[in-house]
Amino acid sequence: MADTAASSTAEAPSPQETKKAADVENNGPEEPSASLISASEIDIGSLTIDEDKNINKFLHEPEDSIIEAVTSGDTPYTSAFTFEELNLSPELLKGLYVEMKFEKPSKIQAISLPMILNPPYKDLIAQAHNGSGKTTCFTLGMLSRVDPKLKAPQAFCICPTRELAIQNVDVLRKMGKHTGITSECAIRSDGSNRNNIYNRPPITAQVVIGTPGTILKWMSCKKLSVSFVKILVFDEADHMLLEEGFKDDSLRIMKDIQRRSSHCQVLLFSATFDDIVKNFISKIVKGDHIRLFVKKEELSLDSVKQYKVNVPDELSKVMVIKDRIFEFGERLGQAIIFVRTRNSATTLHQSLTDLGYDCTTIQGGLSEEDRDKIVKEFKDGLTQVLISTDLLARGFDQQQVNLVINYDLPVKHDRSEPNCEVYLHRIGRAGRFGRKGAVFNLLCGDADVTIMSKIEDHFGMEVTEVPNWRDEDGFKAALGSAGLL
DNA sequence: AAAAAAT
């Protein structure tokens, strides 16, 4: 199957246009604007997959799409059914067709690209399913809005991890191969003198993609100009704007750009925006903007089968992974096993290695060099099983991954509540672009059972239970039903 | 009894 991002399905309901009055409050004395905010909130719940036929139709049947037009304020936009309709440069179209091997815009692309690429360049908050092509949306946005003649940073993309920044730079360079647009990855360097920002000339790359700390550092030492920035992207925006440690940096970058550069378009992309973030974001993005949201009940991917299995202890977790899931693994592609802590990653790695099972591990405690190497080996297909903390929970795109194992369930800090957003991001590592996949949740104890059921409630779905962890047939049935046997 | 970025 070609790596095709295509358009939408027929049975889905039309996106509803709802115009909302300002739900943004005046931010205080220093922000006297209070101008009426007009924001269109567009429900793209129709992005859901056709349940009866159980196939991801919108990837293959672009001509059936019923999304025709959505409007924001007084500006009408028409969805794009082909990339040609978007007035992209021939060089960029060549990148899409030849380098990326795309054929048609996916649903989120069809809806959002006309809004991103055309005046008046409104700010956009866009939610879409995992693996549905959000990266292409903002990458095209950055590439097509950059003035090739101006050798200065004009587009920023802020990402939560160095891995995601590297991945996004790779996509941008591939997609923009024929455009001549230059890019720079702003992530913590290896510490060598040559790469030290103080020893480098000012950045002239037209697109800068990186992590917030490094971008801020480059800005504060005056090596990274924001004067010409006209498009600012936050990948995994809910995370970047809510998490302590990210939030302040993200807002500082945004404010600095808005102070020095006029009319900077802000794009916020993620598969998850909980209500807290939604409310917070409307205070950040002021003025006329567009919001595209998906109902949480429709977010989980039907192409990825989810399972849960009760196990008595840690040893049985390892045995389930090795003797039940991997044992029948001829059709398995690559697998990611998520753990809660760095320490858990290390011990699980030890267990699997002791049992003679090859795997690699990535977590934030490793050196930059090791992290880059582990990810490269996995992306090159040299390793099959990767143990990871939530470092890789978001955005990591490796199409050969069709198995995700939650060795530890994703929980919030106090561990009594599930982290539903992280759950959704984790399972989204399997089933990229509508591919098949399986997720196994290993539940150990009553607390895990409770957390699992809260996750099921949150997304309004039921996760199939594998009745007995010792029973091989249960796992064979599960893997078979997920298409991995 | 946390992961992430970076100082």
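In what follows, chains carry the letters A, B, and so on, assigned in the order in which the sequence lines appear, proteins first and then strands, with residues in each chain numbered from 1. What you see below is based on every heavy atom in this structure, not just the backbone, and it leaves out hydrogens, waters and symmetry mates.
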Write down the distance between [atom1] ([X]) and [atom2] ([N]), rounded to a whole number of angstrom.
X	N	atom1	atom2	value
A:R394	B:dA2	CZ	C1'	15 Å
A:D390	B:dA2	CG	P	13 Å
A:F338	B:dA4	CZ	P	12 Å
A:W218	B:dA5	CH2	C1'	14 Å
A:F234	B:dA4	CZ	P	21 Å
A:N343	B:dA1	CG	P	13 Å
A:L241	B:dA5	CG	C1'	15 Å
A:I209	B:dA5	CD1	P	17 Å

Could you tell me whether A:P212 contacts a base, only the sugar-phosphate backbone, or nothing, with contacts defined as non-hydrogen atoms closer than 4.0 Å?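 Since no nucleic acid heavy atom lies under 4.0 Å of A:P212, the category is nothing.
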Contact class for A:R371 vs. all strands (heavy atom < 4.0 Å): base, sugar-phosphate, or nothing?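 Touches sugar-phosphate only.
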Charged N-O contact under 4.0 Å between A:R260 and A:D256: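 Salt bridge present between A:R260 and A:D256.
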Quick one: do A:E99 and A:K177 make a salt bridge, cutoff under 4.0 Å?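 Here A:E99 pairs with A:K177 in a salt bridge, since their nearest N and O are under 4.0 Å apart.
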Given that A:H239 and A:E368 both sit by DNA chain B, which one's nearest nucleotide is further toward the 5' end?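 Nearer the 5' end of the strand: A:H239.
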Results of ring pair (Phe, Tyr, Trp, His ring centres under 6.0 Å) for A:Y121 - residues two or more places apart only: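 Ring pair (Phe, Tyr, Trp, His ring centres under 6.0 Å) list for A:Y121, sorted by chain: empty.
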Would you say A:T389 reaches B:dA4's phosphate, i.e. side-chain N/O to OP1/OP2 under 4.0 Å?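 For B:dA4, OP1/OP2 do have a side-chain N/O of A:T389 under 4.0 Å.
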Is A:R342 close enough to B:dA4 that one of its side-chain N or O atoms is under 4.0 Å from OP1 or OP2 there?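 Answer yes for this pair, as a side-chain N or O of A:R342 is under 4.0 Å from OP1 or OP2.
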Would you kindly say whether A:Y423 and A:N406 are connected by a side-chain donor-acceptor distance under 3.5 Å?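 Absent: no donor and acceptor within the cut-off.
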Without hydrogens or angle criteria, can the side chains of A:R145 and A:Q265 be said to hold a donor-acceptor pair below 3.5 Å?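 Yes, a side-chain donor-acceptor pair sits under 3.5 Å.
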Partner residues of A:Q206 under the side chain to side chain donor-acceptor pair (under 3.5 Å) criterion, sequence neighbours left out: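 Result, side chain to side chain donor-acceptor pair (under 3.5 Å) vs A:Q206: A:T182.
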Salt bridge (charged side-chain N to carboxylate O under 4.0 Å, His left out) contacts touching residues 384-397 of chain A (sequence neighbours left out):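 Applying salt bridge (charged side-chain N to carboxylate O under 4.0 Å, His left out) to every pair that reaches into residues 384-397 of chain A, excluding sequence neighbours, yields A:E236-A:R394, A:D238-A:R394, A:D390-A:R426, A:D397-A:R432.
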Taking only residues at least two apart or on different chains, which pairs with a member in residues 163-174 of chain A satisfy salt bridge (charged side-chain N to carboxylate O under 4.0 Å, His left out)?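 Sorted pair list: A:E163-A:R371.
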Between the main-chain N or O of A:L386 and the side-chain N or O of A:H349, is there a donor-acceptor pair closer than 3.5 Å?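 Flag not set: sc A:H349 to bb A:L386 has no pair under 3.5 Å.
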Could you identify which residues of residues 408-423 of chain A place a heavy atom less than 4.0 Å from some atom of DNA chain B, listed by residue number, or say none?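 Within residues 408-423 of chain A, the residues near DNA chain B are A:H413, A:R415.
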In residues 243-253 of chain A, which residues come under 4.0 Å of DNA chain B by heavy atom?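 A:E243, A:E244, A:G245, A:F246, in order of number.
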